Amino acid sequence: MAASVRTRIAPAPSGSIHVGNARTALYNWLFARGQGGVFVLRVEDTDQSRVSEESYQAVLEDMRWLGLAWDEGPEAGGEFGPYRQSLRSDRYDAAALSLVDAGHAYRCYCTPAELAERRKAARGSQAAPGYDGRCRDLTERQRSAFDAEGRSWSLRFRVPEGRTITFDDVIRGTIATPTSQIPDFVIKRSDGSPTYMLAAGIDDALMAITHIIRGEDLIAATPRQLLLREAMAIEDVPVFAHLPLLVQPDGKPLSKRWGDVSVGAYRKGGFLPEAMVNYLALLGWSYDDRTNIFTVDELIDRFSLERVARNPAAFDVAKLEWVNGHYIRSKSPAALAADLELVCVEAGLPAGTVEGRRILTAVAPLLAERMKRLTEAPPMLRFLFGRAAPDDKAAAVLAGQGSYLTAVAERLEAIEKWTAPAIEESLRGLAAERGLKPKHAFQPIRAAVTGTLVSPPLFESLEILGRTETIERLREAPTA
RNA sequence: GGCCCGGUAGUCUAGUUGGCCGAGGACGCCGCCCUCUCAAGGCGGAGAUCACGGGUUCGAAUCCCGUCCGGGCUACCA
């Protein structure tokens, strides 16, 4: 039994979570849960310029919606807090200080503008990755001179020369990087704030994270954070697992121009959290060669880092919709009605009442099997919340049907019990008497009652609508 | 440019100890059935020179080499 697995998701609070981060969060969560470990939520808000309380809340809200409960983090607490980097600057300062004292970091007086210029100049040449190490060995006198000039400084990590940093990635195997490829990187900005490299590296160590599961884009950051740990004499080395990127169907990186990239957008778009979780789990991971639908417990039980794919995965909305449809159909009428109430109210339908709930619960099973997204419901059940003029196609079908609809109304008035089977029996009887094919017998009724040619099953719809309302609509339908 | 990671049908993938793969499943697509519309469901179908070229082997998607293509990193962003 693995004693104490600890994983973490460390989102920047810049609004609703990106689906790629949501997947990373999910994998971390699944792994921790499956190992009986702890899942930590840490907010990386070191870049003060782009955080707001609102977007911070949006992140927590998305996590809750997805059902990814964190054991430690904001609001949950924990012995390794605080869990917002903006509240942990004392730790970063202390680490930076000791790094400088030990000679592992030094002041760099180069300004961003100078760096940009030198980088530009070095572009064409052979080697030259990043910083050229100009301030690496400044003398005390030179430093004083810069200070006298009033130049501000940042702190850079002194990357040791001539070594190769190696680590084993659970998903990709061994990855080795010669330190010649790693320039002296900034760990503390001139405004005193820590960079991601320092803050994340320290926090992962301080929070005793045992498994770092993150995006492939961070694989280049790994040797640097390993170097940082070594310089701070941190013995424990976490297990690394770098997930493949999420891309668009055309293979390009996910961008807003292509479509929705935030969890919030899918939530508003009528997707169920369980569908989102199931689909995201499948984006880059598989259990076997045939299983597509998993309950959360099954995912927790079966998920493993070893079975995560290595190649980028394209986000396919069509498949997400299929998964979503599956979960919509598996919901109980009452539960689905609760979801429908939200989207109906959002769509302006007066569904938020006791009567509204009764209606929604009744149509829920009917709608379930023809929805891929909850947002498709309002147009299909609008007729249950009020009359509307028929659309063009319905109007065309209604033309000249006045006497037939009147006959239908009379039949329905004579029914003893207002139930779908009774309605069906009655209307089929009438159709048979008139020699009408079912389609020709029923479409005019559908048009008259719902105002459209596409609706939930007719007889059930009429039952839910009620006898009085049904008959009135039949008699008052515009058939001219 | 340098370093790193990838490359099985439109998409997600199975295949990881070479033969059971003349490549399996799912979404999507096409057709049929069911049927009061739309769906759902059932059945069937098209779709992959396993990026390309060499090599090793009786035999390679699976091993080796090279090439090409895509992506990531190369920031006082994370």
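Both backbone and side-chain heavy atoms feed into the values below; hydrogens, waters and symmetry mates do not. Nothing here was measured: the structure is a model prediction, and the numbers come from that model. In the text below, chain A, chain B and the rest are named by the order of the sequence lines, each starting its count at 1.
Taking the ring centre of Y83(A) as origin, the terminal cationic atom of R42(A) falls outside the region bounded by 6.0 Å and 45° from the ring axis. Taking the ring axis of Y327(A) as reference, the NZ or CZ atom of R329(A) does not stay both within 45° of it and closer than 6.0 Å to the ring centre. A cation-pi contact, defined as under 6.0 Å to the ring centre and within 45° of the axis, is absent between R373(A) and Y266(A).
Judged by Watson-Crick or G-U wobble contacts below 3.5 Å, the nucleotide C29(B) has G45(B) as its partner. Across all strands shown, the partner of A51(B) is U67(B), judged by Watson-Crick or G-U wobble contacts whose two distances both fall under 3.5 Å. For G19(B), the paired nucleotide is C58(B), the pair qualifying as Watson-Crick or G-U wobble because both relevant distances are below 3.5 Å. Under the Watson-Crick or G-U wobble criterion, with both distances below 3.5 Å, C38(B) has no partner in any strand shown.
In this structure, the side chains of N21(A) and P11(A) stay at 4.5 Å or more apart for every pair of heavy atoms. For the pair Y131(A) and R136(A), the minimum side-chain heavy-atom distance is 4.5 Å or more. Using a 4.5 Å heavy-atom threshold, the side chains of Y196(A) and Q85(A) count as separate.
Taking atom C1' on both nucleotides, U57(B) is separated from U13(B) by 29 Å, rounded to a whole Å. Annotation: G53(B) and C69(B) have their P atoms spaced 16 Å apart (nearest Å). For the P atoms, the distance from U49(B) to U11(B) is 12 Å, rounded to whole Å. Atom name C1', nucleotides C21(B) and C50(B): the rounded distance is 10 Å, in whole Å. Taking atom P on both nucleotides, G66(B) is separated from C5(B) by 14 Å, rounded to a whole Å. Comparing A9(B) with A23(B), their P atoms sit 14 Å apart, to the nearest whole Å. Nucleotides C52(B) and A60(B), compared at atom P, are 15 Å apart to the nearest Å. U17(B) and C65(B) have their C1' atoms separated by 23 Å, given to the nearest Å.
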Assess whether ring-ring contact (aromatic ring centres under 6.0 Å, His included) is satisfied between F459(A) and F442(A), documenting all intermediate values.
CA-CA 10 Å; F459(A) 315 120; F442(A) 303 142; 5.2 Å; yes
Before giving the answer on salt bridge (charged side-chain N to carboxylate O under 4.0 Å, His left out), spell out for D204(A) and R229(A) the whole-Å C-alpha distance, their side-chain angles and the decisive distance to 0.1 Å.
CA-CA 10 Å; D204(A) 286 337; R229(A) 279 178 183 256; 5.3 Å; no
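I182(A) places its CD1 atom 16 Å from the P atom of C73(B), with the value rounded to the nearest Å. Rounded to whole Å, the distance from CD on E460(A) to P on A40(B) is 18 Å. Spacing between atom CG of L243(A) and atom C1' of G6(B) amounts to 14 Å, rounded to whole angstrom units. The interatomic distance linking L366(A) (CG) with C38(B) (P) rounds to 16 Å, in whole Å. Here the C1' atom of nucleotide C36(B) and the CG atom of L430(A) are 14 Å apart, to the nearest Å. Note: OH (Y279(A)) to P (U11(B)) measures 12 Å, nearest angstrom. We find that CD1 of I202(A) is positioned 16 Å from C1' of A78(B), with the value rounded to whole Å. Nucleotide G70(B) holds its P atom 16 Å from the CD atom of E216(A), rounded to whole Å.
Taking the six-membered ring where the residue is Trp, the centroids of Y106(A) and F157(A) are separated by 6.0 Å or more. The ring of F303(A) has its center closer than 6.0 angstrom to the ring center of W285(A).
Checking C36(B), C38(B), G72(B) against the side-chain heavy atoms of P253(A) singles out G72(B) as nearest. Of the candidates A40(B), C36(B), C12(B), A40(B) carries the atom nearest the E369(A) side chain, counting heavy atoms from C-beta on. When the nucleotides C36(B), C3(B), A78(B) are ranked by their closest atom to the side chain of Q181(A), C3(B) comes out on top.
Within the 4.0 angstrom heavy-atom criterion, only backbone atoms of the sugar-phosphate kind lie near P312(A); the bases stay farther away. Using a 4.0 Å heavy-atom cutoff across all strands shown, L458(A) reaches at least one base atom of the nucleic acid. Across all strands, G284(A) comes closer than 4.0 Å only to sugar-phosphate atoms, never to a base (heavy-atom distances).
When only modelled atom types and interatomic distance are considered, Q443(A) and R446(A) share a side-chain donor-acceptor pair under 3.5 Å.
Ring orientation note: the planes of F146(A) and Y109(A) are close to parallel, at an angle under 30° on the 30°/60° scale.
Remark: H104(A) pairs with no residue by the ring pair (Phe, Tyr, Trp, His ring centres under 6.0 Å) rule, at least two apart or across chains. Looking at residues two or more places apart in sequence or on another chain, you find no salt bridge (Lys or Arg N to Asp or Glu O under 4.0 Å) involving E274(A).
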Mark up nucleotides 15-32 of chain B, 5' to 3', with B wherever a protein heavy atom is under 4.0 angstrom from a base atom, S wherever such an atom reaches only the sugar-phosphate, and - elsewhere.
S--------BBBS-----
One character per nucleotide, please: for nucleotides 46-53 of chain B, 5' to 3', B when the base has a protein heavy atom closer than 4.0 Å, S when only the sugar-phosphate does, - otherwise.
--------
Along nucleotides 62-68 of chain B, 5' to 3', which nucleotides get a B, which get an S, and which get a -, given that the test is a protein heavy-atom distance under 4.0 Å?
-------
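Residue-to-nucleotide proximity on RNA chain B shows that, of F315(A) and T174(A), the 5′-proximal contact is made by T174(A). Nearest-nucleotide positions on RNA chain B place V247(A) closer to the 5' end than the other of R446(A) and V247(A).
For R310(A), the CZ atom is loosely surrounded, since the number of other residues' heavy atoms within 6.0 Å does not exceed 12. Within a 6.0 Å sphere centred on CD of E161(A), heavy atoms belonging to other residues, nucleotides or ligands number 12 at most. Summarising the local packing, NE2 of H18(A) is surrounded by more than 12 heavy atoms from other residues, nucleotides or ligands at distances under 6.0 Å.
At least one side-chain nitrogen or oxygen of N311(A) sits closer than 4.0 Å to the OP1 or OP2 atom of U13(B). Contact between the side-chain N/O atoms of R329(A) and the OP1/OP2 oxygens of G41(B) is found at a separation under 4.0 Å.
Within residues 219-229 of chain A, the residues having any heavy atom under 4.0 Å from RNA chain B are, by residue number, I219(A), A220(A).
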